[in-house]
Engineer: 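Quick one: the structure is below, and I'll ask about it shortly.
Numbers restart at 1 for each chain; the letters A, B, ... are given by sequence-line order, proteins then strands. Treat the numbers as computed from the prediction; the structure is a model and nothing was measured.
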Amino acid sequence: MSSEKVVTRFPPSPTGYLHIGGARTALFNWLFARRRGGVFILRIEDTDRERSSNEATEAIIESMKWLGLDWDQGPFFQSRRYPLYNEMIERLIVSGRAYYCDCSPEDLERRRKEAMARGLKPKYDGRCRERGLGPGPGTVVRLKSPLSGVTHFEDLIKGPIRVSNDELDDLVLRRSDGSPTYHMAVVADDVSLGITHVIRGDDHVNNTPRQIQIYEALGEKIPHYGHVPMILGPDKTRLSKRHGAMSVLAYRDMGYLPDALINALARLGWSYGDQEKFSREEMVEKFSLESVGRSAGVFNFEKLLDLNAWYMRESDVEALSEAVIPFLEKLGVERPDKSFLVKAVGTLKMRSKTLVDLAKDALFYFQDEISYESSARDKFLVSQVAVPMRELQKALSRIEGFDQLALEKAFEGFLAASGLTLKAIAQPLRVSLTGRTASPGLFEVMEVLGKEMVLKRIDKALAFIEGK
RNA sequence: GGUCCCAUCGUCUAGCGGUCUAGGAUAUCGGCCUCUCACGCCGGAGACACGGGUUCGAUUCCCGUUGGGACUACCA
């Protein structure tokens with residue numbers, strides 16, 4: 001491709017949170033711009049004042065930041081750029097490529113129905129095209145679009161797409177209240193921001209010829225287009241609130257790492273041979289629109305979970321510890337000691353799949369009084385284990401350095417002397433120390449907990465057994 | 001209804017005419033490892049929607065059928 005400077009943009013409308021479909025579109029734009037050493041712009045499409053909100057805008061920005069999709073320019077707000085749109089619309093009127101129309105919405109609706117009843121296309125009939133109307137109340141401005149010919153473009157993902165012009169009607173550019181319509185605003189902004197590549201959802205394929213007509217009327221250079229397929233819900237219908245867990249921020253709150261979500265999103269639609277895991281740098285290096293698939297896909301939650309677990313395992317333990325703090329706090333653990341937390345997380349990062357799980361799994365480290373899972377308690381804290389546990393406790397109390405190595409040695413001695421197997425004592429001890437039947441290795445747990453806490457918990461378990 | 005887009009294991013995908021008795025990942029089922037749970041390792045089951053062409057040869061190219069999806073507003 002040419003050496004032109006690449007400029008892409010992500011233009012969400014702030015009518016709700018940023019969902020994973022939008023996030024993927026943003027990601028692809030970001031990836032493409034970064035790959036080509038170009039510019040990535042964030043633009044907020046808030047021309048629909050009714051449905052737009054500041055909360056949504058903030059949520060979108062927060063989501064972008066959390067995902068690490070940094071933008072070079074913006075955010076631009078369409079609501080503050082009306083003069084630009086009006087200027088462009090004036091240009092079109094002056095050059096005769098747009099005209100005023102005073103057909104009322106009700107009238108239009110009636111004519112549409114009539115047309116449909118007669119088996120015709122429900123498009124604008126061009127009534128005001130040649131009336132030479134001027135501005136006035138209740139008037140809109142429409143594009144004078146070509147009556148014949150075809151509009152075509154080369155989609156970077158889907159290949160050549162052509163639409164007969166008689167499928168397209170004279171779309172409204174400016175509403176009667178003076179505001180620009182979506183199509184007008186998009187084109188005007190893309191022109192003025194110098195957008196070279198429009199990478200957006202599949203649902204815009206049909207809009208593209210319309211927008212190209214506006215470019216042509218304006219005499220502006222048409223950008224390259226790439227339409228990425230939709231993301232579907234598990235039932236293969238378009239992703240919506242119905243499918244739950246839509247918002248990017250919801251994934252953050254469910255304890256997913258941004259890198260894992262990004263990786264999962266990238267691999268939904270894009271591929272690089274058989275490779276599944278990509279660092280950001282690798283993604284940027286290897287991304288191309290040619291290797292984005294053309295068919296819609298279902299978001300695979302199980303795969304995200306697996307990826308997240310992998311990213312957690314690969315994480316630096318310090319960073320992971322930092323990340324889990326808010327989740328621990330939610331569970332009532334306040335200001336955990338940093339070095340203790342790091343040690344605790346070190347024993348768990350191989351086994352927890354999300355930060356939420358990690359926090360839950362780590363809870364026993366931080367509780368003064370652990371509670372026993374009822375089934376674990378009933379099965380393992382039974383009278384038969386009281387004697388060996390007491391002996392074990394004695395052996396443990398004699399250990400000098402309470403680290404894994406010393407603990408293992410002490411256990412060897414204890415098991416040899418008592419004739420017990422580790423298997424026989426492991427689960428009762430585990431329940432005593434953690435309250436559960438599943439936990440990190442006993443020696444790891446004990447080292448982190450420390451001698452005092454270990455002896456104390458065994459005391460408590462013995463008291464429980466004997467008190468039964 | 002019209003227009004446009006799409007179609008490989010349950011899911012995400014590799015495949016860009018012969019290398020395909022179709023590869024990987026995830027999920028699932030066995031087994032190993034083992035103090036539990038994970039991790040890891042080994043193995044199993046599991047897909048080219050259908051029908052026509054083109055070709056010496058189609059998962060791969062073309063057409064049709066079917067099935068999905070999108071758009072068809074003074075929403076974006």
Engineer: So does A:K423 get a side-chain nitrogen or oxygen closer than 4.0 Å to the phosphate oxygens (OP1/OP2) of B:rU36?
Structural biologist: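 Result: yes.
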Engineer: Paired with B:rA49 by Watson-Crick or G-U wobble geometry, both distances under 3.5 Å: which nucleotide is it?
Structural biologist: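 Paired with B:rU65.
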Engineer: Categorize A:G269 for me: base, sugar-phosphate, or nothing, with a 4.0 angstrom heavy-atom threshold over every strand shown.
Structural biologist: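 Sugar-phosphate contact only.
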Engineer: Starting the side chain at C-beta, find the nucleotide from B:rG2, B:rC39, B:rC12 nearest to A:M350.
Structural biologist: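 Closest nucleotide to the A:M350 side chain: B:rC39.
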Engineer: Below 4.0 angstrom, N of the basic side chain to O of the carboxylate: do A:R131 and A:D102 qualify?
Structural biologist: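 Counted as a salt bridge, because a side-chain N and a carboxylate O are separated by less than 4.0 Å.
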Engineer: Give one of base, sugar-phosphate or nothing for A:F299, where a contact means two heavy atoms less than 4.0 Å apart.
Structural biologist: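 A:F299: no heavy atom of the nucleic acid under 4.0 Å.
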Engineer: Let me know the distance between CG of A:D189 and C1' of B:rA76, rounded to the nearest Å.
Structural biologist: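 One finds 13 Å between C1' of B:rA76 and CG of A:D189, rounded.
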Engineer: How would you label the contact of A:P440 with the nucleic acid (heavy atoms, under 4.0 Å): base, sugar-phosphate, or nothing?
Structural biologist: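 Base contact - A:P440 has a heavy atom under 4.0 Å of at least one base atom.
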Engineer: Please state the C1' separation for the pair B:rG51 and B:rC56 - nearest whole angstrom.
Structural biologist: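 It comes out at 23 Å once rounded to the nearest Å.
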Engineer: Please figure out whether A:S352 or A:S179 has its closest RNA chain B nucleotide nearer the 5' end.
Structural biologist: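 Comparing both residues, the 5'-ward one is A:S352.
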Engineer: With C1' as the reference atom in both, quote the distance from B:rU54 to B:rC61 in angstrom, rounded to an integer.
Structural biologist: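 After rounding to an integer number of Å, I get 8 Å for this pair.
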Engineer: Kindly point out which of B:rU36, B:rU13, B:rA76 is positioned nearest to the side chain of A:R267?
Structural biologist: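 For the A:R267 side chain, the nearest candidate turns out to be B:rU13.
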Engineer: Which nucleotide sits closest to the side chain of A:V163: B:rU26, B:rU3, B:rA76?
Structural biologist: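 So the nucleotide nearest the side chain must be B:rU3.
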Engineer: For nucleotides B:rC4 and B:rG15, find the distance between their C1' atoms and express it as a whole number of Å.
Structural biologist: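 After rounding to an integer number of Å, I get 27 Å for this pair.
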Engineer: Would you measure the distance from the P atom in B:rA73 across to the matching atom in B:rC16 and give it in whole Å?
Structural biologist: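 Each nucleotide's P atom is 42 Å from the other's.
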Engineer: Can you check the distance between B:rC20 and B:rU3, where both ends of the measurement are the C1' atom (answer in whole Å)?
Structural biologist: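 It works out to 37 Å between them.
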Engineer: Taking all non-hydrogen atoms of both residues into account, name the closest pair between A:L462 and A:A386 and its distance.
Structural biologist: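 That closest heavy-atom pairing would be CD2-O, 3.5 Å.
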Engineer: Nearest to the side chain of A:D274, which nucleotide is it out of B:rU13, B:rC4, B:rG23?
Structural biologist: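 Output: B:rG23.
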Engineer: Which nucleotide, in any strand shown, forms a Watson-Crick or G-U wobble pair with B:rG40, with both distances under 3.5 Å?
Structural biologist: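 Result: B:rC32.
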Engineer: Rounded to the Å, how far apart are A:I60 CD1 and B:rA76 C1'?
Structural biologist: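 Value for this atom pair: 12 Å.
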Engineer: Are A:S148 and A:N165 close enough, and set up right, to give a side chain to side chain donor-acceptor pair (under 3.5 Å), and what steps lead you there?
Structural biologist: CA-CA 5 Å; A:S148 60; A:N165 284 340; over 6 Å; no
Engineer: Any side-chain N or O of A:S271 less than 4.0 Å from the OP1 or OP2 oxygen of B:rA14?
Structural biologist: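 For A:S271, the contact criterion (side-chain N or O under 4.0 Å from OP1 or OP2 of B:rA14) is met.
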Engineer: Does B:rC9 pair with anything, Watson-Crick or G-U wobble, both distances under 3.5 Å, and if so, with which nucleotide?
Structural biologist: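 B:rC9 is paired with nothing.
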Engineer: What does A:N207 touch in the nucleic acid at a heavy-atom separation under 4.0 angstrom: a base, only the sugar-phosphate, or nothing?
Structural biologist: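 Base contact.
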Engineer: Hey, does the side chain of A:T47 come within less than 4.0 Å of B:rA76's phosphate (OP1/OP2), counting only N and O?
Structural biologist: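 Result: yes.
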Engineer: I'd like to know if A:N206 reaches the base of B:rA70 with its side chain such that a donor and an acceptor end up less than 3.5 angstrom apart.
Structural biologist: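 Present.
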Engineer: Let me know the distance between OH of A:Y272 and P of B:rG23, rounded to the nearest Å.
Structural biologist: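 Rounding to the nearest Å, OH of A:Y272 and P of B:rG23 are 22 Å apart.
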Engineer: Look at the side chain of A:S439 and the base of B:rC37, then say whether one donor and one acceptor between them are separated by less than 3.5 Å.
Structural biologist: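 It does not, because no donor-acceptor pair links the side chain of A:S439 to the base of B:rC37 below 3.5 Å.
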Engineer: Would you call A:D155 and A:R294 a salt bridge, taking side-chain N to carboxylate O under 4.0 Å as the test?
Structural biologist: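 Judged by the 4.0 Å cut-off on N to carboxylate O distance, A:D155 and A:R294 do not form a salt bridge.
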Engineer: Please state how far atom CG in A:N300 lies from atom P in B:rC9, giving the value in whole angstrom units.
Structural biologist: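 After rounding, the reported distance stands at 14 Å.
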Engineer: To the side chain of A:R294, which of B:rU26, B:rC6, B:rC71 is closest?
Structural biologist: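 Nearest to the side-chain atoms of A:R294, counting from C-beta on, is B:rC6.
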Engineer: Using a heavy-atom cut-off of 4.0 Å across all strands, would you classify A:G441 as base, sugar-phosphate, or nothing?
Structural biologist: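 Here A:G441 touches the bases of the nucleic acid.
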Engineer: Among B:rG2, B:rU36, B:rU26, which is the nearest nucleotide to the side chain of A:D306?
Structural biologist: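 Of B:rG2, B:rU36, B:rU26, B:rU26 is nearest to the side chain of A:D306.
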Engineer: Roughly how many Å apart are B:rU60 and B:rG1, using the P atom of each and rounding to a whole number?
Structural biologist: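 Going atom to atom, P in each nucleotide, I get 28 Å.
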Engineer: Would you tell me if any nitrogen or oxygen in the side chain of A:R313 comes within less than 4.0 Å of OP1 or OP2 on B:rG40?
Structural biologist: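 Yes, A:R313 has a side-chain N/O under 4.0 Å of OP1/OP2 on B:rG40.
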Engineer: Are any of the side-chain nitrogens in A:E114 or A:R110 under 4.0 Å away from the carboxylate oxygens of its partner?
Structural biologist: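 Result for this pair is yes, salt bridge flagged.
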Engineer: Tell me: NE2 of A:H227 to P of B:rC5, nearest whole Å?
Structural biologist: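 It works out to 12 Å between those atoms.
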Engineer: With nearest nucleotide decided by heavy atoms, which residue, A:L422 or A:L268, maps closer to the 5′ end of RNA chain B?
Structural biologist: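 The residue whose closest nucleotide sits nearer the 5' end is A:L268.
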Engineer: In this structure, how many angstroms lie between the P atom of B:rA25 and the OH atom of A:Y311, rounded?
Structural biologist: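 Value for this atom pair: 16 Å.
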Engineer: Relative to each other, are the rings of A:F299 and A:Y251 parallel, tilted or perpendicular (30° and 60° limits)?
Structural biologist: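 If you compare the ring of A:F299 with that of A:Y251, the planes turn out perpendicular.
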Engineer: Can you figure out which of B:rG24, B:rC35, B:rA73 approaches the side chain of A:R112 most closely?
Structural biologist: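 Of the options given, the side chain of A:R112 lies nearest B:rA73.
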Engineer: Could you state the CG-P distance from A:L433 to B:rC37, rounded to the nearest angstrom?
Structural biologist: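 To the nearest whole Å, that distance equals 17 Å.
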Engineer: Check the distance between B:rU34's C1' and A:Q427's CD and give it to me in whole angstrom.
Structural biologist: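 To the nearest whole Å, that distance equals 12 Å.
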Engineer: Find the partner of B:rA58: check Watson-Crick (N1-N3 plus N6-O4 or O6-N4) and G-U wobble (N1-O2, O6-N3) distances, both under 3.5 Å, and reply none if neither fits.
Structural biologist: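 Its partner: none found.
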Engineer: Just compare B:rC35, B:rU26, B:rA76 and give me whichever is closest to any side-chain atom of A:K303.
Structural biologist: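 Shortest atom-to-atom distance from the side chain points to B:rU26.
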Engineer: Under 3.5 Å for both donor-acceptor distances, Watson-Crick or wobble: does B:rC71 have a partner, and if so which one?
Structural biologist: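 Here B:rC71 is engaged in a pair, and the nucleotide opposite it is B:rG2.
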Engineer: Out of B:rC6, B:rC39, B:rC37, which nucleotide sits closest to the side chain of A:S295?
Structural biologist: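 Looking only at side-chain atoms, A:S295 lies closest to B:rC6.
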Engineer: Please name the residue in the list A:Q211, A:H204, A:R210 that meets the side-chain hydrogen bond (donor to acceptor under 3.5 Å, both in side chains) test with A:N207.
Structural biologist: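 Per the side-chain hydrogen bond (donor to acceptor under 3.5 Å, both in side chains) rule, the option paired with A:N207 is A:H204, out of A:Q211, A:H204, A:R210.
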Engineer: When you measure from the side chain of A:S13, which nucleotide among B:rA76, B:rU36, B:rC6 comes out closest?
Structural biologist: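 Comparing B:rA76, B:rU36, B:rC6 against the side chain of A:S13, the answer is B:rA76.
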Engineer: For the pair A:F32 and A:F287, name the ring-plane relationship: parallel under 30°, tilted 30 to 60°, perpendicular over 60°.
Structural biologist: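 Perpendicular.
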Engineer: Would one find a side-chain N or O of A:K353 under 4.0 angstrom from OP1 or OP2 of B:rC39?
Structural biologist: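 Answer yes for this pair, as a side-chain N or O of A:K353 is under 4.0 Å from OP1 or OP2.
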Engineer: Under 3.5 Å, is there a donor-acceptor pair between the A:Q427 and A:K379 side chains?
Structural biologist: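 Not at all, the side chains of A:Q427 and A:K379 share no donor-acceptor pair under 3.5 Å.
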Engineer: Please classify the nucleic acid contact of A:V140 as base, sugar-phosphate, or nothing, using heavy-atom distances under 4.0 Å.
Structural biologist: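 Base contact.
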